[in-house]
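Remarks on the structure that follows.
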Number of protein chains: 2
Amino acid sequence: MVTLAEVAQHAGVSASTVSYVLSGKRSISATTRTRVEQSIRELGYHPNAGARALASSRSNIIALMIPLRTDMYVPVMMEIAIAVATTARTHGYDVLLLTGEEGPDAVRRVTGSGLADAMILMDVQLDDERLPLLRDTDQPSVLIGLPADTTGLTCVDLDFRATGALCVEHLAMLGHRDIAVIGEAPAVYERHTGFAERTLDGLRTRSQELGMRLLHRPCEGGYDAMAVTLARILDERPSTTGFVVQNESAVEPLLALLRQQGRAVPEDVSVVGICPDQVATQASVRLTSVSIPAQEMGRHAVEQLVAKLDDRGSDEVVLIAPELTVRASTGPAPSHS
Amino acid sequence: MVTLAEVAQHAGVSASTVSYVLSGKRSISATTRTRVEQSIRELGYHPNAGARALASSRSNIIALMIPLRTDMYVPVMMEIAIAVATTARTHGYDVLLLTGEEGPDAVRRVTGSGLADAMILMDVQLDDERLPLLRDTDQPSVLIGLPADTTGLTCVDLDFRATGALCVEHLAMLGHRDIAVIGEAPAVYERHTGFAERTLDGLRTRSQELGMRLLHRPCEGGYDAMAVTLARILDERPSTTGFVVQNESAVEPLLALLRQQGRAVPEDVSVVGICPDQVATQASVRLTSVSIPAQEMGRHAVEQLVAKLDDRGSDEVVLIAPELTVRASTGPAPSHS
DNA sequence: AAAAACTGTCGAAGCGCTTCGACAACCTAT
DNA sequence: ATAGGTTGTCGAAGCGCTTCGACAGTTTTT
């Protein structure tokens, strides 16, 4: 293993000089710099992470807490995680993967041990038990998702309230009056996951304003659960012509079931998805949808965090504006004839 | 921040004693131990990760390299990652998330800097450029997936060759003679990803042995691509009655298309999936499938790695035996009437 | 009863790096 | 020319921990 000292000796300078070449924290003459860089290359030197962390009390690691459960949005989580990892690297950080399993203890462990310089938390509950800890520590953190009380916190999320409103508006514009919402699994609402409740709020508020009728039904993903849910909806309100689907694993089952029942999409009923573009474009009917900007969220979160670590940036809530892409699954409401 | 020294002072012992209490590497009297543990709790002490890493040259971190691309098996990747993270924690390790983006450089960086004690690599190509580096370093590593040459490497994977054979056998047993394989996206084969090629090999070999005819067609996921692929297959060999699907995002499209064409599953055609159980059970027809044991693979990989780190365990290739679960998508081949 | 072997604890060295103050050597301005 | 700045480099301290050898005290062996 090659050490700083060996590089210094090889280049004929002191260790501190090499360190300054590496960090750029003091000016170094061009000649010395190139000589040192040369030695580094020749010896194949890599700074030791532990030593660095100890001396500088900076680990250059960002912790990312992802949910353990896989009852929703797995590809989105994955995409966020990947975006976080790659963005972090461009800023010189690595990413430590924590699962929600340890819960608040993980926060304590990481902040206490200096394992990471900062944290990103996903799958935030409205009243998340990790939040007090985050407020107490001076370690920067960013939430992906929105808790009930955001004071003293930095958050990044899609504006799900606006997303709900947007879906309703689109259907309203096409003349639909009776709308059903296929929501996330019941467990998601029981956990009071922010995005689900906020979407619902946006849907409800806007539909009320526009004089539409809204039926919300949570739904486990999959074909069977969707069949039951759809039957209930059509039974309860047969005049339903518009669907908003927030559970991506219900999208394809819904389309299949509608087809099976002879309801044509978009001639008879319209369907709007809230899902990643990939799901929308790969569905059997290309889905009009509001996309979940997973990459953008991940990137944003890291950039907020890096700003904080550099003593720039402040606590703020960034809500990404939703964008609705019209595809083949929505059309004018059938006339009442 | 609380340090070891402060704990030692508080407990009235020397720093080394506290260290030994923590590590258990030397015997400590019960009285001293409890006193120290008491102090640790009272002061809320957390050992500093950097200092520990520096002094012991052990970071207690395992690096996990996941593929950057998301053209296949995202949920599987995610499940593996989560299994790795949770299993690692039970052994006292944390997980560093690396994306394939940096390629071989990431391996150099991690081994060189002592950031991690060991690595797990996913998405292994048959001739992966990271392999020489792994063989050269004395840092333990485990591959999830199988390269062409496994000498000096430890690998964990589903036995995809046996998986292919198993699918064919199942269909053969039911009397099917003409089989089509819906494979992964062409790019996956172009990259020479081991599992795809090995599955194909298993399928081909066994079907030849059993006197069956096999048609293999790569397929991007999604409805449109599947439609094209299916049309081609049925055009080329209309007598096809059995399908093996290896691309999970082609499963639902295939089922929908068959239904649409009036081919009943399983009465007219049988479909076998190679996919996570979740996909199989959530499909519109409950799919007979060989499941991808993602959790088991992740757990196995970590345990192999921990064994190596403890100087137990050796280089070996662990192939997990495939299990086929019969569900509602396969049945006897229609008689030729 | 003396020698040998444990047990439990301590002190000190050192892991490889960052960073601060010091200080020559060189520029400006007056 | 001289005080005052800059610039580039070095030495040394120290980050918080692990670990090795030492050693006093106790137990076991012969």
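Keep in mind that this is a model prediction, so the values were computed, not measured. Chain naming here is simple, since letters A, B, ... match the order of the sequence lines and numbering starts at 1 in each.
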Inset, instruction - Could you tell me whether S56(A) contacts a base, only the sugar-phosphate backbone, or nothing, with contacts defined as non-hydrogen atoms closer than 4.0 Å? - result: sugar-phosphate
Inset, instruction - May I have the distance from L4(B) (atom CG) to dG11(C) (atom P), rounded to whole angstrom? - result: 14 Å
Legend entry - DNA chain D: 5'-proximal contact among V13(A) and N48(B) (nearest heavy atom): V13(A)
Inset, instruction - Please work out if S29(A) contacts a base, only the sugar-phosphate, or nothing of the nucleic acid, heavy-atom cut-off 4.0 Å. - result: sugar-phosphate
Inset, instruction - May I ask you to decide if V142(B)'s main-chain N or O and T154(B)'s side chain share a donor-acceptor pair within less than 3.5 Å? - result: no
Inset, instruction - Determine whether the side chains of Q38(A) and R35(A) contain a donor N or O and an acceptor N or O closer than 3.5 Å. - result: no
Legend entry - Proximity to the side chain of T32(B) - top-ranked nucleotide from dT18(C), dT19(C), dG8(C): dG8(C)
Inset, instruction - Have a look at S23(A) and say if it touches a base, only the backbone sugar-phosphate, or nothing, with a 4.0 Å heavy-atom cut-off. - result: nothing
Inset, instruction - Can you tell me the distance, in whole Å, between the CD1 atom of I28(A) and the P atom of dT19(C)? - result: 14 Å
Legend entry - N/O donor-acceptor pair, side chain R26(A) with base dT9(D), under 3.5 angstrom: yes
Inset, instruction - Among the candidates dG11(D), dT9(C), dT18(D), find the nucleotide nearest to the side-chain atoms of T17(B). - result: dT9(C)
Inset, instruction - May I have the distance from L22(B) (atom CG) to dG16(D) (atom P), rounded to whole angstrom? - result: 16 Å
Inset, instruction - Ignoring hydrogens and angles, state whether a donor on the side chain of T90(B) or T87(B) is under 3.5 Å from an acceptor on the partner side chain. - result: no
Inset, instruction - Measure distances between side-chain N and O atoms of S14(B) and base N and O atoms of dG11(C), and say whether any donor-acceptor pair falls under 3.5 Å. - result: no
Inset, instruction - Would you confirm whether K308(A), through its side chain, and S314(A), through its main-chain N or O, come within 3.5 Å as a donor-acceptor pair? - result: no
Inset, instruction - Ignoring backbone atoms, establish whether S19(B) has a side-chain N or O less than 4.0 Å from OP1 or OP2 of dT18(D). - result: yes
Legend entry - Listed nucleotide nearest any side-chain atom of L54(A), set dC10(D), dG16(D), dC17(C): dG16(D)
Legend entry - Rounded interatomic separation in angstrom, taking CZ from R58(B) and C1' from dT19(D): 15 Å
Inset, instruction - Would you please confirm or rule out a distance under 4.0 Å between OP1 or OP2 of dG8(D) and any side-chain N or O of S27(A)? - result: yes
Inset, instruction - Please state whether the phosphate of dT19(C), meaning OP1 or OP2, lies under 4.0 angstrom from any side-chain nitrogen or oxygen of K25(A). - result: yes
Legend entry - Nucleotide nearest Y45(B) (side chain, heavy atoms from C-beta), chosen from dT19(D), dC17(D), dT18(C): dC17(D)
Legend entry - Step-by-step salt bridge (charged side-chain N to carboxylate O under 4.0 Å, His left out) determination, D128(A) to R191(A): CA-CA 10 Å; D128(A) 204 294; R191(A) 286 204 302 270; over 6 Å; no
Inset, instruction - For the pair D123(B) and Q125(B), evaluate side chain to side chain contact (heavy atoms under 4.5 Å, CB included) and give the outcome as yes or no after the intermediate values. - result: CA-CA 6 Å; D123(B) 192 33; Q125(B) 317 299 92; 3.8 Å; yes
Inset, instruction - Quickly work out the R52(B) CZ to dG16(C) C1' distance and round it to whole Å. - result: 18 Å
Legend entry - Nearest-Å distance for atom pair CD/P, residues Q9(A) and dC10(D): 13 Å
Legend entry - Base of dG16(C) paired with side chain of T3(A) (donor-acceptor, under 3.5 Å): no
Legend entry - Separation of atom NE2 in H46(B) from atom P in dC17(D), rounded to whole Å: 12 Å
Legend entry - Base of dC17(D) paired with side chain of Y20(B) (donor-acceptor, under 3.5 Å): no
